[in-house]
Chemist: 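I have a structure here, written as structure tokens, and I will follow up with some questions on it.
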There are 2 protein chains.
Amino acid sequence: MAKVGIRDVAKAAQVSVTTVSHALSDAHGSRVNAATRDHVRAVAEELGYAPNRLASGLRNQRSYLLGMVNDQIATTPFAGEMILGAQDAAYERGWLLMMLDTASDPELEKKQINTLLQHQVDGIVYAKMYHQRIATPTELAGVPTVLLDATSDLGSISSVVPDEVAAARTAVRTLIDAGHRTIGFINNIDDIPATHGRFQGYVEALGEAGIDFDPALVATAESRAEGGRIAAQHLLSLPTRPTALFCFSDRMAMGAYQAAGSLGMTIPHDLSVIGIDNLELIAEGLWPGLTTVALPHYGMGRWAVTQLLDEIEASGDEEPVHMIFDCPLVQRGSVAPPLHI
Amino acid sequence: MAKVGIRDVAKAAQVSVTTVSHALSDAHGSRVNAATRDHVRAVAEELGYAPNRLASGLRNQRSYLLGMVNDQIATTPFAGEMILGAQDAAYERGWLLMMLDTASDPELEKKQINTLLQHQVDGIVYAKMYHQRIATPTELAGVPTVLLDATSDLGSISSVVPDEVAAARTAVRTLIDAGHRTIGFINNIDDIPATHGRFQGYVEALGEAGIDFDPALVATAESRAEGGRIAAQHLLSLPTRPTALFCFSDRMAMGAYQAAGSLGMTIPHDLSVIGIDNLELIAEGLWPGLTTVALPHYGMGRWAVTQLLDEIEASGDEEPVHMIFDCPLVQRGSVAPPLHI
DNA sequence: GCTCCTTTGCAAAACGTTTTGTATGTCGCT
DNA sequence: AGCGACATACAAAACGTTTTGCAAAGGAGC
């Protein structure tokens, strides 16, 4: 079956292409009689007519295409959530998403953005797989853009990031509310917003509860299971042994579980553990399940596209919005009251 | 800066748009003098001219767009690899990928495929997140399509899937080569190709080594950590206790680690474990690292797009190809010779 | 009965390319 | 010198839409 175009519909409905076009778009519906409009629509339906978006895009200067450029799609488990959130929001409003992965290569990134532009994308979601501060690529000047999981030196571009400080506060408060007073913190070693923000949240939550901050209770390592294991082993052999550990990431929490196991401690009876990320694979796989603070990747992806489309459709110079997303607690089984010693 | 079109280049270079078009595409390069061609190219470069793919797509009846429809992008960690492989292959050949997630909803899937078709995609990659046998959606008739991680009732569509049997054989052979003779198998409970294929591979590998197959050494459960833990606890308390466990998935292997730990066994000294999937998050996070057989998602994604583009460019009725991908062993630290008892 | 609106439909131009057909030279050959 | 062959450049049509301007028909007001 050959593709059916608007002229085929026109011929079949015994009207001109103009009338068909008007009949199908309610915007100019007033220019066509209700009866003929219904007739045309019926014929179009019957023929299975679907407008060629390429042609209409050319005519309207609007492609209904959005670009999404990511660094490292593959290596991070968050990507899926962010992409899905973005794609859902786009699809619901009639847009389609074109995904590209720069593999963190600035040269490639340039070329990819230009390719996107050649395809006349109406806007671009510039996504990072973990929260960071970036210099916006110059290619993006002039194209509606929203930053996802990143903030820029230029304040002129809308952006969305998670509230790192609040996330850490939530985690630490959860431990405090369970009765813990000696809370270790296994922090990341990288110089990124999450590291600093979560440290700040940790300190703040302790302060709120009137607990003195003890630098000895903070250990840093690479944000992987191994780093978490080593750091936890260190903290758990301290004279002032913490009864609970707040871990920078679920991966580090996984290491903390291993350390606890090798020291003969059971979670949450002998030790409470809380993480950040809510990586299903880990948080649900661990035994007992890991209580953790979720990074709202789906929601952020959704928000980014929604904001982008709003800006595109308004197309007046809107004020950029800098969104900070809340991070909800996900309770499983790794937090309990401390042992009485 | 307003968009620069081909007529701008023509004006600046003092030639006609025809000449510009010919000068820029080497295909018809013979129709233009080498000198003017270079001149035109220089001018185009200087103006930063990039052709409008929408317009050229309309003219050429080729959009240089590919659709990729997935079930469940977000919930599976494999998605990233498959998407990346597909995207890389597409980009290298000048194509762009439009991603859609059907959330396993057939109604939505139909609509999404139609949306893709409206955008005049040149072909579609129909991807499943785990190997399965499917009925091809009728919407796809007439559109070049390749099945990714799925096979169809119709043999007329090219497809690519992993070699489940060989993957299992590889895993079990690895254990046998290490000296094990009593090898437990923790299998999935779902009725999917992987379940049957891996069981077959397990039996075959035992047979090759002259080991009798013992049904008591096979336990089934849901393919999650919890299922793996329970199944492993069962197998490890058998009178004929296996010295090694072959796990259907890395997630189940994670459960096997937990069972071993709770029984006071250390891996790989007291028990060898091998998985399938090579989920970095788990396989590298476990301690010791999990030896596992990788599912080649990146490679399959790449192959699917490459095949699809070949079929599109040949556009004669090519024979469909049904590809079966090898699954390589990834060695870490969870396999060792059995204890002498 | 005439003018003036309103309703309804159509023809044609436009979006930015690519490609076919044609025109103008220029050269080589007889 | 005359003819054809070739090289080079351009005009125009086409891809499938949307929208503007225009025309015809019908109705209302004077």
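Being a predicted model, the structure only gives us computed values, none of them experimental. Just so it is clear: chains get the letters A, B, ... in the order the sequence lines come, proteins before strands, and each one is counted from 1.
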Chemist: Take Ala55(B) and Gln14(B), find for each the nucleotide of DNA chain D with the closest heavy atom, and name the residue whose nucleotide sits nearer the 5' end.
Modeler: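 Mapping each residue to its closest nucleotide by heavy atoms, the 5'-most match is Gln14(B).
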Chemist: Can you find a side chain N or O atom of Gln61(A) that sits less than 4.0 Å from OP1 or OP2 on dG16(C)?
Modeler: yes
Chemist: Taking NZ, NE, NH1 and NH2 as the nitrogens, is one of them in Glu313(A) or Arg62(A) under 4.0 Å from a carboxylate oxygen of the other?
Modeler: no
Chemist: Just how far is it from atom CG of Leu116(B) to atom CG of Leu100(B), taken to the nearest 0.5 Å?
Modeler: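 Separation between the atoms: 5.5 Å.
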Chemist: Using a cut-off of less than 4.0 Å, is there contact between a side-chain N or O of Tyr49(B) and OP1 or OP2 of dT17(C)?
Modeler: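 Result: yes.
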Chemist: With no hydrogens and no angle check, do the side chains of Gln72(B) and Tyr130(B) hold a donor and an acceptor under 3.5 Å apart?
Modeler: no
Chemist: Expressed in angstrom and rounded to an integer, what is the separation of Leu24(A) atom CG from dT19(D) atom C1'?
Modeler: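 My rounded result for the distance is 15 Å.
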Chemist: Looking at Thr18(A), does any N or O in its side chain come under 4.0 Å of the phosphate oxygens OP1/OP2 on dA12(C)?
Modeler: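 Negative; the distance criterion is not met.
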Chemist: What is the distance, to the nearest angstrom, from the CZ atom on Arg59(A) to the P atom on dA12(C)?
Modeler: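 Rounded to whole Å, this separation is 16 Å.
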Chemist: dC10(D), OP1 or OP2 - any side-chain N/O from Thr19(B) closer than 4.0 Å?
Modeler: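 It does, given that an N or O in the side chain of Thr19(B) lies less than 4.0 Å from OP1 or OP2 of dC10(D).
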Chemist: Got more than 12 heavy atoms from elsewhere within 6.0 Å of CZ, Arg93(A)?
Modeler: yes
Chemist: Please confirm whether the shortest side-chain N or O distance from Ser21(A) to OP1 or OP2 of dT18(D) is below 4.0 Å.
Modeler: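 The answer is yes; a side-chain N or O of Ser21(A) sits under 4.0 Å from OP1 or OP2.
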Chemist: According to a strict under-4.0 Å criterion, is Asn60(B) in side-chain N/O contact with OP1 or OP2 of dT18(C)?
Modeler: no
